Undergrad: 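Sharing a structure with you now.
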Amino acid sequence: MSSADEERVASSTAASTSAPDAAAAPPAAAPKPKKKKEWHQLTMPTAEELSAQEFMNNCGVKSVLSGAMGGVAGIAFGLFTSSMENAHGGMDTMPDGSAQKPTRVVLREMFTNMKSKSLSYAKGFAIMGALYSFNECVIEKWRAKHDKVNPALAGCVTGAMMAHSAGPQAMCWGCASFAAFSTAIEIWME
Amino acid sequence: MPGEQPSEAEQNAVAAAALTMATTELEYRVSLLNSMVATCHDRCAARPYKEGALSVGENSCIDRCAAKYWQVVAIVGQLLGAQNK
């Protein structure tokens, strides 16, 4: 027998006899031929798991969580955008350089611009995320189907809702664009 | 005593009958659960299988499917019981 076979036989006999000191040496010495896939036993869900699933299935909870995530994303986006804007000392700096502002004033202006931009983006993204998540949850619950039509319908409703103050034509355009966007995201997430 | 042995045989017979009925009832309930799970999974689980957990739509579909199945089983049981009488 080759040395690898001898090691495999030794490790299997050690495992079957369950001797702790004999089992310690062969697995450390023998290189495993193939890493076996870990299979977990299927168990009934516990009461905590069930209540957690019920909690996550709620449309209100989903919309609040998505709104929070959208707010965080909006803050990050606002920071990034304002830092790009303020890269050369603010948006409205005159190139002549006659009235040079002191550094502290410039920094304060940049900071306030960053804060206002971040908050406005955060509000917009939060509202969009909460609305879209709520619409998708309600539509999917009502249709009782899980397919690619749900993101399109939810995107259409959300786009129309977000453009409601701009007239019916803007609502149609918002519906179509947001539906296409959410369908593209859904296809990309696969 | 003379009165104990027939009552013991009666008790054994009654116990055996109860055990047979309980076995039949349990088999019926297990087959009912299995067929309900199979039917609702065929109709409600979205293919192809992408996630390990049920989505919102699948959950509501299974709720409705199980409620309808249970109601139909009750109706069929009533009809069979009325037919037997």
Side-chain angles (χ1 to χ4, degrees), chain A residues 37-67 69 129-158 182-183 185-190, chain B residues 14-83:
Chain A
K37 187 174 163 75
E38 287 277 330
W39 295 108
H40 299 284
Q41 190 182 13
L42 199 67
T43 52
M44 288 289 287
T46 63
E48 292 105 15
E49 279 179 28
L50 275 177
S51 62
Q53 281 177 15
E54 286 300 312
F55 182 70
M56 281 308 294
N57 254 350
N58 197 1
C59 282
V61 167
K62 271 197 175 167
S63 94
V64 163
L65 282 176
S66 293
M69 276 182 1
L131 259 187
Y132 175 73
S133 166
F134 183 73
N135 287 335
E136 191 181 15
C137 176
V138 163
I139 285 174
E140 190 166 344
K141 263 197 183 171
W142 177 63
R143 285 183 76 230
K145 264 190 237 179
H146 183 75
D147 49 7
K148 288 201 197 69
V149 177
N150 288 328
L153 283 176
C156 174
V157 173
T158 309
S182 57
T183 309
I185 294 282
E186 191 70 23
I187 290 177
W188 178 74
M189 293 269 261
E190 283 181 13
Chain B
V14 164
L19 190 62
T20 314
M21 249 177 50
T23 310
T24 313
E25 177 83 15
L26 184 66
E27 283 173 0
Y28 156 70
R29 290 206 177 269
V30 165
S31 78
L32 167 71
L33 180 70
N34 282 338
S35 60
M36 178 157 73
V37 166
T39 305
C40 290
H41 176 78
D42 279 341
R43 282 168 206 267
C44 283
R47 282 146 185 91
Y49 299 143
K50 269 184 257 170
E51 300 169 338
L54 289 171
S55 69
V56 180
E58 289 168 338
N59 249 329
S60 93
C61 175
I62 286 175
D63 279 346
R64 296 177 189 177
C65 173
K68 286 179 191 169
Y69 201 95
W70 202 250
Q71 211 170 7
V72 167
V73 160
I75 290 172
V76 167
Q78 278 179 1
L79 287 176
L80 283 178
Q83 199 183 42

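As the structure is a computational prediction, the values presented were derived from the model and not from experiment. In the text below, chain A, chain B and the rest are named by the order of the sequence lines, each starting its count at 1.
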Undergrad: Please list every donor-acceptor pair under 3.5 Å in which a side-chain atom of residues 145-152 of chain A meets a protein atom from a residue at least two apart or in another chain.
TA:
{"unit_1": "His146(A)", "atom_1": "ND1", "unit_2": "Glu140(A)", "atom_2": "OE2", "d": "2.8"}
{"unit_1": "His146(A)", "atom_1": "ND1", "unit_2": "Ser55(B)", "atom_2": "OG", "d": "3.1"}
{"unit_1": "Asp147(A)", "atom_1": "OD1", "unit_2": "Arg143(A)", "atom_2": "NH1", "d": "3.0"}
{"unit_1": "Asp147(A)", "atom_1": "OD2", "unit_2": "Arg143(A)", "atom_2": "NH2", "d": "3.4"}
{"unit_1": "Lys148(A)", "atom_1": "NZ", "unit_2": "Glu190(A)", "atom_2": "OE2", "d": "3.4"}
{"unit_1": "Asn150(A)", "atom_1": "OD1", "unit_2": "Arg143(A)", "atom_2": "NH1", "d": "2.9"}
{"unit_1": "Asn150(A)", "atom_1": "ND2", "unit_2": "Lys145(A)", "atom_2": "O", "d": "2.8"}

Undergrad: Rounded to the nearest 0.5 Å, how far does CD1 of Ile62(B) lie from CZ of Arg43(B)?
TA: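 So the CZ of Arg43(B) and the CD1 of Ile62(B) are separated by 13.0 Å.
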Undergrad: Indicate yes or no for a side-chain donor-acceptor contact from Ser133(A) to the backbone of Gly129(A) under 3.5 Å, with no hydrogens or angles considered.
TA: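 Absent.
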Undergrad: For Cys137(A) and Cys59(A), what are the C-alpha separation, side-chain angles and deciding distance, and is it a disulfide bond (SG atoms under 2.5 Å apart)?
TA: CA-CA 6 Å; Cys137(A) 176; Cys59(A) 282; 2.0 Å; yes
Undergrad: If you check every heavy atom in residues 16-34 of chain B against those of chain A, which residues fall under 4.5 Å?
TA: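 Counting heavy atoms that sit under 4.5 Å from chain A, no residue of residues 16-34 of chain B is involved.
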Undergrad: Within a strict 4.5 Å, meaning less than it, do heavy atoms of the Arg47(B) and Tyr49(B) side chains meet?
TA: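 Yes; the side chains approach each other to less than 4.5 Å.
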Undergrad: With a 4.5 Å cut-off on side-chain heavy atoms, are Met189(A) and Ile185(A) touching?
TA: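 Result yes, sub-4.5 Å side-chain heavy-atom pair found.
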Undergrad: Is the number of heavy atoms from other residues, nucleotides or ligands within 6.0 Å of CZ (Arg64(B)) greater than 12?
TA: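 Yes, CZ of Arg64(B) has more than 12 neighbouring heavy atoms, counting only those of other groups under 6.0 Å.
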Undergrad: Can you check whether anything in residues 65-83 of chain B gets within less than 4.5 Å of chain A, heavy-atom wise, and list it by number?
TA: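 When heavy atoms of chain A are the reference, residues 65-83 of chain B contributes no residue within the under-4.5 Å range.
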Undergrad: Within the side chain of Ser63(A), is there an N or O that forms a donor-acceptor pair under 3.5 Å with the backbone of Phe134(A)?
TA: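 A pair under 3.5 Å: no.
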Undergrad: Applying salt bridge (charged side-chain N to carboxylate O under 4.0 Å, His left out) as the test, list every pair that has at least one member in residues 40-62 of chain A; sequence neighbours left out.
TA: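 Those involving residues 40-62 of chain A do not exist here.
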